Amino acid sequence: MSGAAAIDELIPTKVAPPLWMGNQIRRDALLDRLDSALGQRLTLIHAPAGYGKTSLLAQWRRRFEGGDRLVAWLTLERDDADAKRLAQYIAYALSGEGEEEGEPISSSMPARAALSAIINRLARDPRQAVLILDDLHCAESPEVLDFLQSLIRLAPRNCHFIIASRDYPRLGQAVLAAEGQLLELSAEDLKFSSPEAEEMLARADGLPLGEDDVRSLIERTEGWPIALQLTLFSLKRGVDRRSFVGGAGGSGSELAGYLSEQVLMSLPEDVQEVVLRTALLDQVTGEALNLICDRQDGGLLLERLEQQGVLLTPLSPARDAWRYHQLFAEYLRERLARRDIGQFRMLHQRLALWFDARGETAEAISHAIEAEDSALLAGVLEDAGGWRLIPQGQLGLVERGLARLSAAEIDASPALVLAKLYLDMKCGRMDAARLAYDRQVARSGQEETSPDLWTEIRVVGDILAEYENEPLALEDLLAREALLRTLPADDHLVLANVSESLGAKYYEGGWLERAMEPTLAARGHYQAMGSLYSELFTRFHEARIREAQGRLKDAVTVLGVARGEIEAHFGARSDLAANCAAFEAGLLYEQDRAAEANALLEWALPHMEQSDGWVDVYAVAYFTAAHSATDEGAIEAARALLARARNVAQRRRLRQLELLADLCELELLLRDPASLGEARAFAETIGLDALADAMAEESPAYRPVAVAAALCRVRLALLSGAHHTALDELAAMARWARQHGAGRLLIDLNLLKAHGYRAIGEAGKAQACFDEAVGTAMFQGIVRPFLNAHAFVQPALEEALSASPDRFRAQFLKNLSRALGSFRAPAPAPDALNDAEAAILRHLSQGYSNKEIARLIGMSPDTVKYRLKAVFRKIGVNKRRDAVRVSHERGLIDGGETRSAAF
């Protein structure tokens with residue numbers, strides 16, 4: 001993770017049209033057509049190089065200067081193929097000259113979050129907004145196209161997009177066309193008409209062309225604007241008119257080469273060499289010219305070349321940087337390579353070293369690639385930090401560089417191995433990343449490896465373990481703490497990642513006090529980097545720790561601060577806002593404010609399903625919604641929510657979430673004493689005992705799973721009358737909870753202990769446990785544990801109410817009593833098949849296996865197996881074939897054709 005790029009690190013000239021030399025031919029007919037863009041969502045201009053796309057858009061934009069519309073411009077380059085970097089520049093372009101810029105979008109911000117921030121920024125601006133993206137082909141990549149398609153689809157109604165590209169991008173324009181929201185301009189639309197061509201060629205002062213000459217040139221160039229422009233330059237330089245008109249045949253790159261040759265040959269020989277060499281640069285400066293041309297007058301020479309019309313475009317009003325017309329530059333580069341490939345590569349090498357020394361990594365990598373010098377390219381990537389470039393928003397750059405190196409060249413450099421496996425992680429290739437990491441660790445153990453490299457290896461390994469959601473033992477976390485003490489104090493990127501990961505793993509393992517210090521330390525490092533986005537995740541972690549400690553009010557305060565920052569800087573419907581809403585919903589439910597919790601989850605949960613998340617945020621969102629649905633008697637709705645949770649778990653390979661979903665379903669069954677038999681069967685199906693036994697381990701695979709399983713087993717024992725067994729397990733859990741400061745868990749444990757002691761006749765102990773639970777809960781406003789354990793709580797509550805406690809306690813107990821009085825217990829399941837069972841039976845009749853059915857309806861195979869047992873009981877059969885037959889006979893499923901399969 002890294003902080004937002006400072007505004008002065010972004011290139012201002014990318015968010016303004018080029019300052020074209022001389023007067024351009026006004027294209028009024030096309031400009032009038034572009035005006036209709038304001039009434040449509042997308043205008044797409046696609047044509048090959050040299051058709052005047054940029055010139056046309058620059059003319060159209062000038063129509064709105066000083067107006068009341070927001071017309072933003074962005075020229076795209078190769079390095080914008082990374083969606084995060086593109087998002088930064090779009091936000092920068094939309095900020096506008098003199099507009100309030102707000103919080104910059106961080107290069108570490110996930111693309112989906114950046115998208116939300118941009119959309120919210122647009123929604124806050126009441127003006128009609130137009131975003132012009134020029135040269136999309138330079139930055140075209142699947143992630144950029146997905147990003148832009150989402151932006152076009154989700155932006156407010158007052159937004160319009162104009163995109164120019166050499167290629168035909170896929171931006172969902174078919175749907176827009178069907179809705180009448182698309183304007184397309186192609187090469188056929190952009191080619192010069194006869195009047196426009198005549199107007200341009202008439203500028204060849206003193207060299208009038210006859211009507212036949214003009215017609216011949218238009219026919220031969222097919223109205224290609226750049227070809228006609230180059231023709232004008234050549235004629236101005238004294239090329240013989242008749243021979244030129246007769247020789248300008250052909251089309252495409254051949255014609256561009258022919259006309260470019262005319263411009264080049266009209267220059268003095270020494271200037272020709274300068275033009276050839278400087279064409280290697282995307283941006284030509286006097287300093288860069290001096291470097292590759294061995295001169296001292298670079299700035300003055302560039303000004304002179306511009307005045308001579310050598311297709312140089314100034315990139316700023318100060319005229320301290322220029323660029324060649326792209327088509328012209330491409331021709332010149334090819335010419336130089338053909339003339340002397342050794343010199344061509346040597347110049348690129350020189351430029352790569354120069355840019356590398358200046359810290360301009362993107363340019364250094366580009367020139368190293370052109371130099372075909374793999375050693376130089378590897379060195380540039382290593383100098384730039386290797387894997388560190390990726391969390392700093394340079395994933396596309398690393399991908400481009402590594403793609404030009406062989407597997408052997410990458411394998412020869414530990415820094416490049418780490419970069420490659422980090423890239424694999426970010427792209428979802430987890431198996432490849434793990435294999436590469438384990439191989440590198442083994443090799444480094446056999447070789448002499450520096451302490452600094454070992455640190456890098458360990459840090460990347462920790463990040464890999466986070467992506468894999470791998471459980472860690474306490475000794476592993478203590479080793480991470482030791483690693484922190486060895487890292488440089490100013491390496492905020494690494495320190496923040498290691499500290500945040502350490503805090504998250506301590507929390508997950510139940511070591512709550514240990515979790516807080518690294519979480520707050522990570523926040524300090526993110527603040528030092530200026531990364532508000534990453535800092536907010538530490539606030540989510542802190543709130544979860546406070547809640548687990550039983551400090552609900554502190555957790556509410558922490559999330560309130562986070563929500564304020566999110567709404568101010570990223571938007572009230574951003575990905576960050578959805579995560580925050582999920583955590584806030586969990587706290588609201590704890591306070592018995594279910595309606596408010598549901599209102600948040602109604603929009604936040606679907607939003608989260610479309611973006612990346614992690615176990616904690618998915619669990620609190622799905623399980624809060626499922627509990628709330630159960631409270632309302634909507635059992636099938638609760639099960640559907642848990643099925644969605646399992647779908648996410650399977651798609652993202654989050655085994656912990658899948659286990660927690662099963663345990664949540666079991667917990668909901670146990671809230672209804674009438675479902676005890678069903679609960680026992682389900683507990684056996686999911687292997688409850690094995691999951692609960694892990695509670696006794698110091699470092700179980702997933703502590704939250706062990707806690708939830710142990711609580712379910714205790715409830716099952718109490719409902720079954722095994723009170724002493726339950727109390728023994730509760731005593732062990734309570735010792736663990738006190739040792740780890742798990743105050744919220746102690747409320748649940750004390751309520752269950754109160755019921756167990758009352759059942760065996762120890763009323764004093766029962767009331768003491770209940771009083772302890774009340775004492776913790778009432779000062780924090782925690783209500784839900786009492787309602788969800790209503791079957792265990794009622795007798796103790798009635799006795800506490802009659803004991804004449806103090807006024808504050810009495811009020812809390814009265815509120816609890818009223819809430820329990822209106823509490824709606826789940827309705828018992830009818831004998832008829834519910835929706836889930838009917839769906840399983842329908843797929844069963846088509847011959848699908850349990851695993852196939854699980855995949856089709858979003859359940860685990862174990863859950864399908866359990867549900868089938870319930871179906872068999874309801875319809876009185878024991879075999880799959882009999883179930884299908886009986887179901888057809890009773891009309892429980894449609895009688896269509898079944899898929900051929902052995903049952």
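These numbers were taken from a predicted model, which means no experiment stands behind them. Sequence positions, counted from 1, serve as the residue numbers for this chain.
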Value for CD1 (I566) from OG (S116), rounded to nearest 0.5 Å, stands at 11.0 Å
Using distance alone, with no hydrogens and no angle criterion, decide if Q811 and N815 have a side-chain donor and acceptor under 3.5 Å apart.
yes
To the nearest 0.5 angstrom, please state how far the CG atom of L666 sits from the CD atom of E678.
10.0 Å
Other residues, nucleotides and ligands only: do more than 12 of their heavy atoms fall within 6.0 Å of CD on E596?
yes
Between CZ of F537 and OG of S531, what distance do you get to the nearest 0.5 Å?
9.5 Å
I'd like to know if R671 pairs up with E667 as an ion pair, taking the criterion as any Lys NZ or Arg NE/NH1/NH2 lying under 4.0 Å from an Asp or Glu carboxylate oxygen.
no
Would you tell me whether R680 and S720 have side-chain atoms, one donor and one acceptor, within less than 3.5 Å of each other?
yes
Do you know which two heavy atoms are closest between R758 and A766, and how far apart they sit?
N-CB, 3.6 Å
Hey, is E772 close enough to K753 for a salt bridge, meaning N to O under 4.0 Å?
no
Please assess F808 against F779 for the test ring pair (Phe, Tyr, Trp, His ring centres under 6.0 Å), listing each intermediate value before the final yes or no.
CA-CA 9 Å; F808 188 87; F779 291 112; 5.5 Å; yes
Looking only at side-chain N and O atoms, does R480 offer a donor or acceptor that is under 3.5 Å from a partner on S501?
yes
Output yes when R539 and E565 qualify as a salt bridge under the 4.0 Å nitrogen-oxygen rule, no when they do not.
no
Minimum-distance pair of heavy atoms, taken over all atoms of F623 and A645
CE2-CB, 4.5 Å
Spacing of CD belonging to Q780 relative to CD belonging to Q591, to within rounding of 0.5 Å:
9.5 Å
Greater than 12 external heavy atoms within 6.0 Å of E697's CD
yes
How close do R703 and P700 get, heavy atom to heavy atom, and via which atoms?
NH2-CD, 3.2 Å
Closest heavy-atom contact between L495 and A489?
CD1-O, 3.6 Å
Rounded to the nearest 0.5 angstrom, the CG-CD1 distance for L663 and I686 is 4.5 Å
Smallest separation among heavy atoms of R523 and E542, with atom names:
NH2-OE1, 2.7 Å
Testing the basics here: between W736 and G509, what is the closest heavy-atom pair and its distance to 0.1 Å?
CZ2-O, 4.1 Å
